[in-house]
Amino acid sequence: MWSRLFVLLFLSAAALAQSAPAGSVKIDNDFVHQQFGDSCNLETQWQPLTADMNADGIEDLVFVARCKNPLIDQDDKGYRVIDPMDSFFGYGDTKVTTAMGQIDPRMHGICILVIHGSGADAWRSTSAQSKFVIINLAVKTIAVKRMRINKKKITTAIYVEEATADEATAAIFWDGKKYRYEPLGSGMD
């Protein structure tokens with residue numbers, strides 16, 4: 001009797017181990033290469049963040065990576081390269097602004113990658129709702145928090161303290177159609 005019980009428990013444990021839960025997706029370079037191609041590599045200095053970025057009730061993923069040339073895999077991997085900061089200042093053509101880069105060579109290629117999740121598995125799903133590579137931000141720190149857009153609308157935004165001389169802080173948020181950049185001011189130091 002004990003041997004049958006042991007075998008039953010062993011088979012149950014083996015079945016559970018084979019059907020890994022949705023939360024077991026590891027965010028590493030293999031995951032980044034699968035989602036965004038070989039030109040992007042995870043930057044482990046910043047922790048991946050999860051939140052509902054596009055207000056659809058499904059968890060999304062935000063993380064920092066270094067991308068050598070994000071435009072190369074854009075069509076093959078099904079993501080969009082966007083430049084909300086330069087768009088805010090009047091010129092957001094990514095074919096041009098990807099070549100501009102950062103003044104600080106340590107920040108060259110630093111991008112924020114966003115995966116809008118779909119279905120019950122959210123961002124872990126094999127078919128994301130949409131994916132974005134946000135370029136030309138000198139990321140010093142990154143956080144995801146709620147932000148008031150106007151008197152009636154509150155959304156989730158990516159807050160970035162920029163690694164620039166003035167240590168400007170900015171928010172990047174989904175307006176329902178695209179990501180927008182909102183400068184919030186400079187550091188007080």
Side-chain angles (χ1 to χ4, degrees), residues 25-51 53-54 56 58-119 121-144 156-164 168 170-183:
V25 174
K26 185 176 180 185
I27 303 168
D28 57 9
N29 275 327
D30 291 337
F31 174 79
V32 174
H33 294 164
Q34 176 190 359
Q35 296 291 326
F36 294 93
D38 292 336
S39 74
C40 293
N41 290 301
L42 182 66
E43 283 291 317
T44 56
Q45 177 181 347
W46 298 278
Q47 290 295 317
L49 306 167
T50 57
M53 300 305 301
N54 57 347
D56 63 354
I58 299 173
E59 186 177 63
D60 305 318
L61 178 66
V62 177
F63 59 97
V64 178
R66 186 177 304 271
C67 299
K68 292 177 187 165
N69 187 349
L71 292 174
I72 284 179
D73 291 318
Q74 179 175 238
D75 294 326
D76 192 35
K77 295 295 182 177
Y79 61 83
R80 287 189 48 221
V81 177
I82 59 173
D83 190 349
M85 183 184 76
D86 286 324
S87 293
F88 176 84
F89 291 112
Y91 196 74
D93 182 356
T94 56
K95 291 176 184 165
V96 175
T97 61
T98 51
M100 291 179 187
Q102 298 295 328
I103 296 170
D104 185 347
R106 295 173 298 160
M107 294 290 116
H108 182 71
I110 293 293
C111 302
I112 298 174
L113 282 55
V114 180
I115 299 176
H116 287 181
S118 66
D121 289 340
W123 60 267
R124 298 166 200 86
S125 172
T126 54
S127 58
Q129 182 183 42
S130 54
K131 299 184 285 188
F132 300 91
V133 174
I134 303 173
I135 62 170
N136 290 337
L137 288 171
V139 179
K140 182 177 179 182
T141 61
I142 185 170
V144 175
T156 304
I158 303 166
Y159 285 84
V160 176
E161 181 183 358
E162 298 177 31
T164 55
I172 301 155
F173 64 93
W174 181 256
D175 72 354
K177 295 181 183 177
K178 64 182 181 176
Y179 277 97
R180 294 192 177 271
Y181 176 90
E182 184 71 34

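Start at 1 with the first residue, then count along the sequence.
No side-chain donor from either of D60 and Q129 sits under 3.5 Å from a side-chain acceptor of the other.
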Exercise answer: donor-acceptor pairs, residues 43-51 side-chain atoms, under 3.5 Å, sequence neighbours excluded:
from	atom 1	to	atom 2	distance (Å)
E43	OE2	R66	NE	3.2
W46	NE1	K140	O	3.0
T50	OG1	E59	OE2	3.3

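Residue L113 holds its CG atom at 8.5 Å from CD1 of I134, rounded to the nearest 0.5 Å. Here I135 contributes atom CD1 and I82 contributes atom CD1; the two are 9.0 Å apart, rounded to the nearest 0.5 Å. To the nearest 0.5 Å, atom CZ of residue R124 and atom CD1 of residue I115 are 11.0 Å apart. In this structure, the separation between CG on D73 and CG on D76 is 6.0 Å, given to the nearest 0.5 Å. To the nearest 0.5 Å, atom CD1 of residue I112 and atom CG of residue N136 are 11.0 Å apart.
T126 pairs by the side-chain contact (heavy atoms from CB on, under 4.5 Å) definition with nothing, not counting sequence neighbours. By the ring-ring contact (aromatic ring centres under 6.0 Å, His included) test, F132 is found to be paired with H116, W174, Y179, residues two or more places apart in sequence or in another chain being considered. Residues satisfying the disulfide bond (SG atoms under 2.5 Å apart) criterion with C111, sequence neighbours excluded, are absent altogether. Remark: S39 pairs with no residue by the side chain to side chain donor-acceptor pair (under 3.5 Å) rule, at least two apart or across chains. For N29, the side chain to side chain donor-acceptor pair (under 3.5 Å) criterion is met by no residue, not counting sequence neighbours. Looking at residues two or more places apart in sequence or on another chain, you find no ring-ring contact (aromatic ring centres under 6.0 Å, His included) involving Y159. Considering only residues two or more places apart in sequence or on other chains, D38 meets the salt bridge (charged side-chain N to carboxylate O under 4.0 Å, His left out) condition with none of them. Residues satisfying the side-chain contact (heavy atoms from CB on, under 4.5 Å) test with T141, not counting sequence neighbours, are E161. Residues forming a side chain to side chain donor-acceptor pair (under 3.5 Å) with K77 (at least two apart in sequence, or on another chain): none. Evaluation of the side chain to side chain donor-acceptor pair (under 3.5 Å) rule for Y181 yields E162 as partners, not counting sequence neighbours.
The nearest pair of heavy atoms linking C40 to V32 is O-CG1, 3.6 Å. Nearest approach of V133 to P70, heavy atoms of both residues: CG1-CB, 3.9 Å. The shortest heavy-atom contact between P84 and I172 is CG-CG2, 4.2 Å.
When atom types are taken as modelled, the side chain of K131 and the backbone of R80 share no donor-acceptor pair closer than 3.5 angstrom. S87 contributes a side-chain N or O that, together with a main-chain N or O of D83, makes up a donor-acceptor pair within less than 3.5 Å. Using a distance-only test at 3.5 Å, with no hydrogens or angles considered, a donor-acceptor pair links the side chain of D175 to the main chain of K178. A donor-acceptor pair is defined here as one N or O able to donate and one able to accept, closer than 3.5 Å; no such pair exists between the side chain of E182 and the backbone of A170. Counting only distance, with no hydrogens or angles, the side chain of S127 and the backbone of S118 share no donor-acceptor pair below 3.5 Å.
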Under the criterion side-chain contact (heavy atoms from CB on, under 4.5 Å), I'd like the reasoning laid out for I158 against V114: C-alpha separation, chi angles, the key distance, then a yes or no. CA-CA 10 Å; I158 303 166; V114 180; 4.1 Å; yes

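Taking the six-membered ring for Trp and thresholds of 30 and 60 degrees, W123 and F31 have ring planes more than 60 degrees apart, a perpendicular arrangement.
Taking the side chain as every heavy atom from C-beta outward, I142 and V62 approach each other to under 4.5 Å. Residues F63 and L42 have side chains in contact (heavy-atom distance under 4.5 Å, counting atoms from C-beta outward).
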